[in-house]
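Right, one structure below, let's go through it.
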Amino acid sequence: MDLLPTQEQQQIIDTAASFLANEFPINQLLGAPNSDTRISREHLQKIAQLGWLGIGLPEELQGVGYGLSEEALLFVELGRNLMPPSLLGSVLGGRLAGLCGEHERMRSLLDGDIKVALAISHPGSETKIGKSISGEFLIYEPHEADLLLVADEGGAALLPLKSMQTTEDDRCIDETLGVSSAIAKNVPVLCYLPAENDHLFLRGTILVSAMLLGIAEATLARSVDYAKQREQFGKVIGSFQAIKHYCAEMAVRCESVRSMLYHTSITFQAQSPAGVFDACSLKALAIEAAQYNANTAIQIHGGMGFTREMDIHLFVKRAQVLGTLFGGERYHLRRLLCEPVVD
Amino acid sequence: MDLLPTQEQQQIIDTAASFLANEFPINQLLGAPNSDTRISREHLQKIAQLGWLGIGLPEELQGVGYGLSEEALLFVELGRNLMPPSLLGSVLGGRLAGLCGEHERMRSLLDGDIKVALAISHPGSETKIGKSISGEFLIYEPHEADLLLVADEGGAALLPLKSMQTTEDDRCIDETLGVSSAIAKNVPVLCYLPAENDHLFLRGTILVSAMLLGIAEATLARSVDYAKQREQFGKVIGSFQAIKHYCAEMAVRCESVRSMLYHTSITFQAQSPAGVFDACSLKALAIEAAQYNANTAIQIHGGMGFTREMDIHLFVKRAQVLGTLFGGERYHLRRLLCEPVVD
Amino acid sequence: MNLDFTPQQLQFREQVRDWLQAHKPSEPRPDDGAEGRAFDLAWQKTLYTGGWAGINWPKAYGGQGFDTFQQLIFLMEYAKSGAPGDHYRFNGLNLAGPTIIACGDEEQRKTHLPPILKGDVIWCQGFSEPSAGSDLASLKTRAIVDGDELIVTGSKIWTSWARFADWQQLLVRTDADAPKHAGISWVINRMDNPGMEIRPIHDMAGGSDLHEVFYDEVRIPLKNIVGGINNGWRVSMAQLSFERGTAFMPSQIETQKTIEELIELARNTRLDDGRLAIDDDHIAFQLAKLRAETRSLLAMTLLGISRNERSGMPGPEGSMLKLFQSELYKRITTVALDIVGADRARLSGLTGRWPQAFLGSFANTLGGGTSEVMRNIIGERYLGLPK
Amino acid sequence: MNLDFTPQQLQFREQVRDWLQAHKPSEPRPDDGAEGRAFDLAWQKTLYTGGWAGINWPKAYGGQGFDTFQQLIFLMEYAKSGAPGDHYRFNGLNLAGPTIIACGDEEQRKTHLPPILKGDVIWCQGFSEPSAGSDLASLKTRAIVDGDELIVTGSKIWTSWARFADWQQLLVRTDADAPKHAGISWVINRMDNPGMEIRPIHDMAGGSDLHEVFYDEVRIPLKNIVGGINNGWRVSMAQLSFERGTAFMPSQIETQKTIEELIELARNTRLDDGRLAIDDDHIAFQLAKLRAETRSLLAMTLLGISRNERSGMPGPEGSMLKLFQSELYKRITTVALDIVGADRARLSGLTGRWPQAFLGSFANTLGGGTSEVMRNIIGERYLGLPK
């Protein structure tokens, strides 16, 4: 029993952290009105060359051969650096294609030749996901996306974005992402994987939670740094209990979610009965942590935090978007309460 | 328009405050294992002589002739001094008897010759209140009580405590009060007043809210006093933001509930459409304020606050009891949401 | 303890109601800054012509000299009528104008007051600085006396609508050696004064009403100092005495509108499980609580007005209202996100106003004193806890 | 990153499970103090005889010398088995004993360690004082050296089970002139020492396990000072190094039991509107959240153990666990009140344990460091924010 990352796992974290800091500094996002294009096709291919898109795929499927733990660690770093959710589309899409036996499609997904947007059910709309899909959907990052990934508890599917009847672009709460609406009526999919074979919806839940943890940790770190240097009333504001205790509460949330992410990545991978229990718990906790921390970070940064001159507001917005992917707080809490007790 | 108490109203407050501080100091309650008998029959008569039990009754009913506002101001002081809820039983019982035309009974109630216990429906039990009553009830302060007051949205009734089949005493969360269970099966009442004639249930709601405000204010005042003199780390603890901000949050709750109590006592008395809206809002806010303030006061008082050597814990317990009288938080919030918009 | 209005007051209410019904603009205020300015000034002219400009200003300076209750009635009816908010007019009518009335000299009053009421000019504020936010008294923008002028150098931040303003109420440090509250002066500054640079600040909610303003040896006549040199801290505190409790009425009524609209939304919005949002007990519980809290905001406002009316000046209770209202509004917009569910991602469409309001709500607990500063003030000035 | 146990560890788990199943007391622990003491000592004797006493003590001193994972496994199985809690045994086994192991001399070890493991003695603590609570280092109880004895005068507070203890670990000020952390000594004191007076303190939850202890020229041999005179602050800090993260395992498992029992309660309790509590979305939402948080408490505990196992010493993360657990437990008991509704008024009957737990929960965020002190520690020691 050792819940901490191994040396090899730590290397994955460190490599990802330094690559992202160099290649995709967050201040790139400031002032960019809509950065669906932040990750160009070339960027995606460069990321693919690092093996990230197939990091959790078994070697027999041409993946890197790591497990969910390593995938989760990578997604914490992606979340921390506000990398777009479509990377999760690529990773899950590649897995889906591979497990469906569509090796060619899988290959082009893992190589970053194809961009996969994520879609969620429109609230209040009845959606059906199977060999064909129906319903109203919200699509994140529709620009230049080739495929669309949709998933629910029953299974997951890939289909060409073009096959959906998309409406005009909406303005997204997160200005670095595009969003549009789409309606599908019995649109056939390219491949469909029932959840019995591989529970892509809950895998997505865990990886989105990892991204939310990245948000929670990034906003804590930025708040602590700011509180150590910003002075008011002749003292750095971090010496005031109001600010110090906000930071302490943020730290507790990070510790709680990071522990749960590690725990869940193991129990889910092991297909233990605790896997679902843990995944639902994790998402609810991760949403709360990311939103509490990001929102509190604005308050700690004061007036400047409210402006677009600092990047802290981008975390507030991204936390809202990630919360909607692969089931929101209410969804997962309701499901958690139906699960039997686990050890 | 003037929401503040008039000079005359202020006198009622001041008189009550000084009488209660002299006659019923709270430290009397410390160490008394069960103080249902704190208010002896002689005490009740003495209180009656001050005119308190009929303060809000019109003069034609031999009352003092003040309105709900004055009654509410008195009950804030009673709550602040942890006076027992049976005083509310006497006040509402006297009103009920008077409005039912039972002048003799009313007289003995207003004179303090009769003690009226309050009963609430047992959770999960279907109760019926009318010319006869049925169901399971919890009775506060059963000792030496003559009558019982029960009320719901339909109306209110008085009946002899002896006519109920009461079980053995339970230990009450508030050790200064007794509590027992009782079952009634078509027990005839002495008098019944439908709510159309006078809404005793909501009047009780408002007066219990007043008592809860007393708790909220008393625990704030005690906390501030303690925070000004208790030293740790070489400073009085009130200079630490953690404590100071707790006190500020408590103060805001007091201000909010006091304003609402004043407002409600006027709109309810005037039978304006806002009366019900206000009463439901008031009770929900008063419960939250009393519980937040009393619970926070324990934390501010530190270890000593957890002991029975200080009286602060009595407020925590009383706040829980008062919250159950005349509808809890969930009840009033549900009802509030059904009310139409008011100006 | 009463909520009654006199027959005269009720008659006054009718009068206000009728006039507003007849005169309030039918088109919404334009978003664009220049068009917004024109709209605000035109509406101010209409109010002036109708005899409703400067309701809390003394008659001697062109105001209506309404008593507190008339102000209260006017503001309630105004908010209910849906007439345009103060917007760019806010500063001149509520801060700069009243300060000049209280502390200015006769020439300053004659020069500056009528144009505000007549809708000729827009005012803005220059108080905060990048390193003097919560700790305003530590401001550094310095002003050196040179003959009959001040030479001002430094910068200000959080100046709302600076690009569209004609005048500015500006705090500068005229004595660098005095204790920090003692060396400050309150001056009137023209926004087209040479040496100034105005930079809009884009906020997280998509607005650009805030600005940073830079001063490079900007010359301001000494006669523009209001209330005497080095007396600026006291002058800026005097502003508060103009807020006779009625200051919170508009935001109270706005909050009430917002929560009722949100309840209406919940009655018509389906959750991802297909139920109406209002049928979810958790959402219903939160909405009802917010409704109760909003109701108490009205009662707190009325109690505040009553208190001020008796004592003749606003007390520290105003900080409680500010804290309560801004935190309440934030909670309202957070519950709104819960109701619109995944639609929170879209700022457009029918529900887009709610995530938009959520983003905007972050300003409430920061601007005009952070919630933490409010809690300090309540703890220290109202409860008497030590610093 | 793994949760796997080795085959040896799994075998060890079986062994623990079987032994506990066969030996744990069948009757509940008596409430009465004297009977409780007898019960605790008898159970400790059984553990000693069975070879399970002092699981985290070195073999050299009669302990089992289990590694962290064995301790973890033992504690998990122990808590699941429903075997009696530490109660009066807590201090000797977890605080006083380990401190004597770490800092005592050979004679102190030989004298005091075996009786603890064998179930012959109960220990208690004398650290806090009425004016030294959160600020422990400012303690005033003074000890003057007189020949080969200390003469101790002063008072201590919050001493659990003092009336039923034989020995006490006591902090006294042996140098009044030194800086406050530097003049303190850690001494072993007999509870029947002349000059002592013990006063039970009744708590708001109905217990009387806490005491105030008064010392009037109490004589303690100098050889009872552990770790050297004036070195008591460092000695008491050393206690922490014995908590290799496993310290939180029992309360984690208790919390899990509690939340599952509460969920079960909600499935069987009717609200005043006749519905089952679990069918109220607001209650269900809160219960599910508490369940998720409780689950993360397990993960946090395991992460803490992993961290300590690698670094060899506990870090400031323990403060996060303590804060999280105690606040979580308080929330759980508050939701319980919501579920039992008006029945919260009764401490007896089937649901009486829940209001009782609510009253008891106030101790959690006060004892062992208040939540405010925990937040300070996290802010300062873990995040590096200035004092």
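Here is the naming used below: chain letters follow the sequence lines, and residue numbers restart at 1 for every chain. All values derive from a computational prediction rather than experimental measurement.
Proximity to chain B (any heavy atom under 4.5 Å) is shown, for C/Glu293, by both the backbone and the side chain. Heavy atoms closer than 4.5 Å to chain B are found nowhere in C/Ile253, neither backbone nor side chain. Contact of C/Arg267 with chain B is made through the side chain alone, with heavy-atom distances under 4.5 Å. When heavy atoms are compared at a cutoff of 4.5 Å, B/Leu261 does not approach chain C at all. Neither the backbone nor the side chain of B/Glu70 comes within less than 4.5 Å of any heavy atom of chain C. When heavy atoms are compared at a cutoff of 4.5 Å, C/Phe285 approaches chain B by way of both its backbone and its side chain. If you measure heavy-atom distances from B/Gln269 to chain C, you find no contacts under 4.5 Å at all. At a 4.5 Å heavy-atom cutoff, the contact between B/Ile266 and chain C is made by side-chain atoms alone. The part of C/Leu72 that comes within reach of chain B is its side chain, from C-beta onward, which places non-hydrogen atoms under 4.5 angstrom from that chain. Heavy atoms of B/Phe277 lying under 4.5 Å from chain C belong exclusively to its side chain. For chain C, the nearby parts of B/Val342 are the backbone and the side chain; heavy atoms of each come within less than 4.5 Å. Residue contact with chain C, scored on non-hydrogen atoms closer than 4.5 Å, involves the backbone and the side chain of B/Val224 alike. Interface remark: B/Leu4 contributes backbone and side-chain atoms alike to the contact with chain C (heavy atom separation under 4.5 Å).
Among C/Met300, C/Gln9, C/Arg295, C/Glu380, the residue with the largest count of heavy-atom pairs under 4.5 Å with chain B is C/Arg295. The most heavy-atom pairs under 4.5 Å with chain B, out of C/Asn376, C/Ile378, C/Ile263, come from C/Asn376. Listed options C/Asp4, C/Ile377, C/Leu383 were ranked by heavy-atom pairs under 4.5 angstrom with chain B; first place goes to C/Leu383. Interface check for chain C: of the options B/Ser69, B/Ala274, B/Ala251, B/Ala227, the most heavy-atom pairs under 4.5 Å are formed by B/Ala251. The greatest number of non-hydrogen atom pairs below 4.5 Å with chain C, out of B/Val257, B/Leu220, B/Asp278, is found for B/Asp278. For chain B, the option among C/Arg291, C/Met320, C/Glu260, C/Lys80 with the highest count of heavy-atom pairs below 4.5 Å is C/Arg291.
C/Leu350 CG: 12 or fewer foreign heavy atoms inside a 6.0 Å radius. In this structure, B/Glu231 places its CD atom where more than 12 heavy-atom neighbours from other residues, nucleotides or ligands lie under 6.0 Å away.
The minimum heavy-atom distance linking C/Ile339 with C/Ala266 is given by the pair CD1-CB, 3.9 Å. The two residues C/Gln15 and C/Trp52 make their nearest non-hydrogen contact at O-CZ2, 4.3 Å.
Side-chain contact annotation: B/Arg258 with B/Tyr262, donor-acceptor N/O pair under 3.5 Å present.
A donor-acceptor pair under 3.5 Å is formed between the side chain of B/Thr219 and the backbone N or O of B/Ile215. Within the 3.5 Å criterion, the main-chain N or O of C/Glu264 finds a donor-acceptor partner in the side chain of C/Asn268. At distances below 3.5 Å, at least one donor-acceptor pair connects side-chain atoms of C/Lys24 with backbone N or O atoms of C/Ser81.
Shown are C/Arg307, C/Arg381, C/Lys322; of these, the salt bridge (Lys or Arg N to Asp or Glu O under 4.0 Å) with C/Glu317 is made only by C/Arg307.
Because its NZ or CZ atom is not both nearer than 6.0 Å to the ring centre of C/Phe5 and within 45° of the ring axis, C/Arg13 does not count as a cation-pi partner of that residue.
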Task: side chain to side chain donor-acceptor pair (under 3.5 Å) assessment of B/Gln10 paired with B/Asp14 - done: CA-CA 6 Å; B/Gln10 190 58 48; B/Asp14 296 341; 3.1 Å; yes

